[in-house]
Asks: 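The structure that follows is given in the form of structure tokens.
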Amino acid sequence: MAEIATVGKGMSLEQIGINMTPQEPSNKWIDQKTILAGPPKVGKSTFLAQAGNKAYFIRMAREFNNIATYGADARDYDELKREIEKLHKVHQSGLWGTEQFPVETIVVDPGDKLLQFIADKVCDDAKADSIYEAGGYGVGQNKYKRILKSFLSDIEHLPAHKIFCFHTKNQELSEPNNETKKYHRWILDVSEKLDAEFPKRVDNTLNIMVGYAGTMQSRIMVTQGTKYVEAGAKAPCLKKVAQILWTNDDKDNYTKFRALFT
């Protein structure tokens, strides 16, 4: 404050290093962190695999036998960290130029394994069976949250769209003013106690809904949340639409979705 006071009259805020340019929400693909959620076997991984070698999958479960993906396997938190460190080394090497990166998307799939690996890490370090028993009251939970926050901060600097695949579950809720009146909402299948902050640390939460007319399946990507569906998006291109219809052509679905971003 003392330095600002001695600048003198006639100086603009920009001249003394204060940026007064408004920061607009980004529509760039590589600036996004997204949760892609939906019921099991709805086609989340197949959809993202349509990016070919532009998507780098960190495969965290043995369920990719029928999908061709580029990337690496990670079966615990240490392996996951090593894969992220490799990507940082690629980025820092400068081999692809200052503004380039060999892939445009990093897919963590399935995301629930990420959370499980962190919980296992906390338990292993404390030699405990549960994070609720790791080091005393609240210690394990706090360490879990710190590791998750650190991981998200770590991948933040990689110039690629970070996508986490999650399953959804159906939750019964009560009307705010009528406890006896119930309704159901599709939400992320994560721990309400441990992971409540996780969706807040991403830019977009996209929920794939499935409906049937007889044996005919219909899929919709919900981009804006409703009373019955947990979703939401900060990317301007997704805020313009409440939902995006998915056809049976996964390649076409992905191409149209990718084209929304710059």
Asks: Are V229 and V241 connected, step by step, through hydrophobic side chains (Ile, Leu, Val, Met, Phe, Trp, Tyr) whose heavy atoms are closer than 4.5 Å?
Replies: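 Result: no, two separate clusters.
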Asks: Rounded to the nearest 0.5 Å, how far apart are NZ of K44 and CG of L206?
Replies: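 That separation rounds to 12.0 Å.
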Asks: Does K162 pair with E156 as a salt bridge, N-O distance under 4.0 Å?
Replies: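 Answer for the salt bridge query: no.
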Asks: For the residue pair I30 and H161, establish whether any side-chain heavy-atom pair is separated by less than 4.5 Å.
Replies: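 When only atoms from C-beta onward are counted, H161 and I30 do not touch, as no gap falls below 4.5 Å.
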Asks: Given side chains that start at C-beta, do those of D124 and Y77 come closer than 4.5 Å, heavy atoms only?
Replies: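 No. Closest side-chain heavy atoms not under 4.5 Å.
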Asks: Under a plain distance cut-off of 3.5 Å, with no hydrogens placed, do N178 and T180 share a side-chain donor-acceptor pair?
Replies: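 There is such a pair (donor and acceptor under 3.5 Å, judged by atom type) between the side chains of T180 and N178.
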Asks: Please check: side-chain N/O of D189 versus main-chain N/O of H167, any donor-acceptor pairing under 3.5 Å?
Replies: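 Checked: no pair found.
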Asks: Quick check: closest heavy atoms across V103 and K54, and the distance to 0.1 Å?
Replies: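 Smallest interatomic distance, heavy atoms only, reads CB-O, 3.4 Å.
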Asks: I need the minimum non-hydrogen distance between P236 and S26, along with the two atoms involved.
Replies: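 So the two residues come closest at CD-O, 3.2 Å.
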Asks: Show, in sequence, the C-alpha distance, side-chain angles and deciding distance for K256 and D249, and conclude whether the salt bridge (Lys or Arg N to Asp or Glu O under 4.0 Å) test is met.
Replies: CA-CA 11 Å; K256 289 178 178 177; D249 188 336; over 6 Å; no
Asks: Are the side chain of E230 and the backbone N or O of L188 linked by a donor-acceptor pair below 3.5 Å?
Replies: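 Checking the backbone N and O of L188 against the side chain of E230, a donor-acceptor pair under 3.5 Å is found.
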Asks: If you take all heavy atoms of L238 and Q224, which pair is closest and at what distance?
Replies: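 Minimum heavy-atom separation between L238 and Q224: O-NE2, 3.4 Å.
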Asks: Quick one: closest heavy-atom pair of A68 and A49, and the distance?
Replies: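 That closest heavy-atom pairing would be O-CB, 3.9 Å.
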Asks: For D154 and H88, test the side chains for any donor-to-acceptor distance below 3.5 angstrom and give the result as yes or no.
Replies: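 Checked: D154/H88 side chains pair up, N/O donor to acceptor below 3.5 Å.
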Asks: Kindly compute the distance separating CG (D252) from CH2 (W246), expressed to the nearest 0.5 Å.
Replies: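 Answer rounded to 0.5 Å: 12.0 Å.
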Asks: Roughly how far, to the nearest 0.5 Å, is NZ of K81 from NZ of K121?
Replies: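 Between K121 NZ and K81 NZ, I get 9.5 Å after rounding to 0.5 Å.
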Asks: Could you walk me through whether N207 and T168 satisfy the side-chain hydrogen bond (donor to acceptor under 3.5 Å, both in side chains) test, starting with their C-alpha distance in whole Å, then the side-chain angles of each, then the deciding distance to 0.1 Å, before giving a yes or no?
Replies: CA-CA 8 Å; N207 202 320; T168 52; 4.6 Å; no
Asks: Can we say D125 and K143 salt-bridge, meaning some charged N sits less than 4.0 Å from an Asp/Glu carboxylate O?
Replies: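 Yes, this pair counts.
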Asks: Can a donor-acceptor pair be found between the side chains of K182 and S174 at a distance below 3.5 Å?
Replies: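 Looking only at side-chain atoms, S174 and K182 do form a donor-acceptor pair, the distance falling under 3.5 Å.
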Asks: Are L148 and F166 joined in one hydrophobic group, where the rule is that I, L, V, M, F, W and Y side chains link up if heavy atoms are under 4.5 Å apart?
Replies: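 Hydrophobic grouping puts L148 with F166.
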Asks: Less than 4.0 Å between a side-chain N and a carboxylate O, is that true for R258 and E104?
Replies: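 Salt bridge present between E104 and R258.
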Asks: From T69 OG1 over to N53 CG, what is the distance, rounded to the nearest 0.5 angstrom?
Replies: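 Going from the OG1 atom of T69 to the CG atom of N53 covers 12.0 Å.
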Asks: Charged N to carboxylate O below 4.0 Å: is that the case for R82 and D78?
Replies: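 The answer is no: the pair does not qualify as a salt bridge.
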Asks: Just by distance, do the side chain of E85 and the backbone of L80 share a donor-acceptor pair under 3.5 Å?
Replies: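 It does not hold such a pair.
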Asks: I need the I35 CD1 to T205 OG1 distance, nearest 0.5 Å.
Replies: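 The CD1 atom of I35 sits 4.0 Å away from the OG1 atom of T205.
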Asks: Under a 4.5 Å side-chain heavy-atom rule over Ile, Leu, Val, Met, Phe, Trp and Tyr, are M209 and L48 clustered together?
Replies: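 In one cluster: no.
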Asks: Below 6.0 angstrom between ring centroids: does that apply to F257 and F47?
Replies: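 They qualify: ring centres under 6.0 Å apart.
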Asks: Would you sort out whether K28 and F261 count as a side chain to side chain contact (heavy atoms under 4.5 Å, CB included), showing the intermediate values?
Replies: CA-CA 6 Å; K28 291 180 65 177; F261 299 83; over 6 Å; no
Asks: If hydrophobic clusters are built by linking Ile, Leu, Val, Met, Phe, Trp and Tyr wherever their side-chain heavy atoms come under 4.5 Å apart, do I84 and Y70 end up in the same one?
Replies: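 No; Y70 is not reachable from I84 via cluster members.
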Asks: List the atom of H184, the atom of N170, and the distance in Å for their closest heavy-atom pair.
Replies: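 Smallest heavy-atom distance, with atoms named: CD2-OD1, 2.8 Å.
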Asks: So V190 and D112, do their side chains get closer than 4.5 Å, heavy atoms only?
Replies: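 Of all side-chain heavy-atom pairs linking V190 with D112, none is under 4.5 Å.
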Asks: Report yes if some heavy atom in the side chain of K193 is under 4.5 Å from a heavy atom in the side chain of Y132; otherwise report no.
Replies: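 SC-SC contact between K193 and Y132 confirmed.
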Asks: Is the centre of the F101 ring less than 6.0 Å from the centre of the Y56 ring?
Replies: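 For F101 and Y56, the ring centres are not under 6.0 Å apart.
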Asks: Output, in order, the C-alpha distance, side-chain angles, deciding distance and verdict of side chain to side chain contact (heavy atoms under 4.5 Å, CB included) for R201 and K149.
Replies: CA-CA 9 Å; R201 294 185 180 276; K149 181 179 178 181; 3.7 Å; yes
Asks: Going by atom types alone, do T105 and W29 pair a side-chain donor with an acceptor below 3.5 Å?
Replies: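 Checked: T105/W29 side chains pair up, N/O donor to acceptor below 3.5 Å.
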Asks: Would you say F117 and M60 make side-chain contact, with heavy atoms under 4.5 Å?
Replies: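 Yes - at least one pair of side-chain heavy atoms lies under 4.5 Å apart.
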Asks: Do V107 and C165 make a side-chain contact, defined as non-hydrogen atoms from C-beta onward lying under 4.5 Å apart?
Replies: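 A side-chain contact exists here, since the closest heavy-atom pair is under 4.5 Å.
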Asks: Mark yes when over 12 heavy atoms from residues, nucleotides or ligands other than K169 sit less than 6.0 Å from its NZ; otherwise mark no.
Replies: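 More than 12 within 6.0 Å, yes.
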Asks: Under 4.5 Å between side-chain heavy atoms, counting indirect links through other Ile/Leu/Val/Met/Phe/Trp/Tyr residues: same cluster for L115 and I106 or not?
Replies: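 As far as the 4.5 Å side-chain criterion goes, I106 and L115 are connected within one cluster.
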Asks: Walk me through it: do Q141 and R146 pass the test side chain to side chain contact (heavy atoms under 4.5 Å, CB included)?
Replies: CA-CA 9 Å; Q141 297 98 304; R146 287 199 303 272; over 6 Å; no
Asks: NZ of K181 to CG of L173: how many Å apart, nearest 0.5 Å?
Replies: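 One finds 13.5 Å between NZ of K181 and CG of L173.
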Asks: Looking only at the side chains, is there a donor atom on one of D195 and Y144 sitting less than 3.5 Å from an acceptor on the other?
Replies: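 Indeed, the side chains of D195 and Y144 share at least one donor-acceptor pair under 3.5 Å.
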Asks: Determine whether the side chains of T223 and N204 contain a donor N or O and an acceptor N or O closer than 3.5 Å.
Replies: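 Per modelled atom types, T223 and N204 side chains form no pair under 3.5 Å.
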Asks: Under 4.5 Å between any side-chain heavy atoms of H157 and I155, yes or no?
Replies: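 No. Closest side-chain heavy atoms not under 4.5 Å.
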Asks: Looking at Y183, I'd like to know if the NZ or CZ of K227 sits under 6.0 Å from its six-membered ring centre while staying within 45 degrees of the ring's axis.
Replies: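 Yes, cation above the ring, under 6.0 Å and within 45°.
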Asks: Which heavy atom of R219 sits nearest to which heavy atom of L245, and what is that distance?
Replies: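 Between these two residues, the closest heavy atoms are O-CD1, 3.5 Å.
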Asks: Does either side chain, that of D109 or that of S45, offer a donor lying less than 3.5 Å from an acceptor on the other one?
Replies: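 Their side chains do contain a donor-acceptor pair, which is all the 3.5 Å distance test asks for.
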Asks: So do the side chains of V139 and Y137 get within less than 4.5 Å of each other, counting heavy atoms only?
Replies: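 A side-chain contact under 4.5 Å is absent here.
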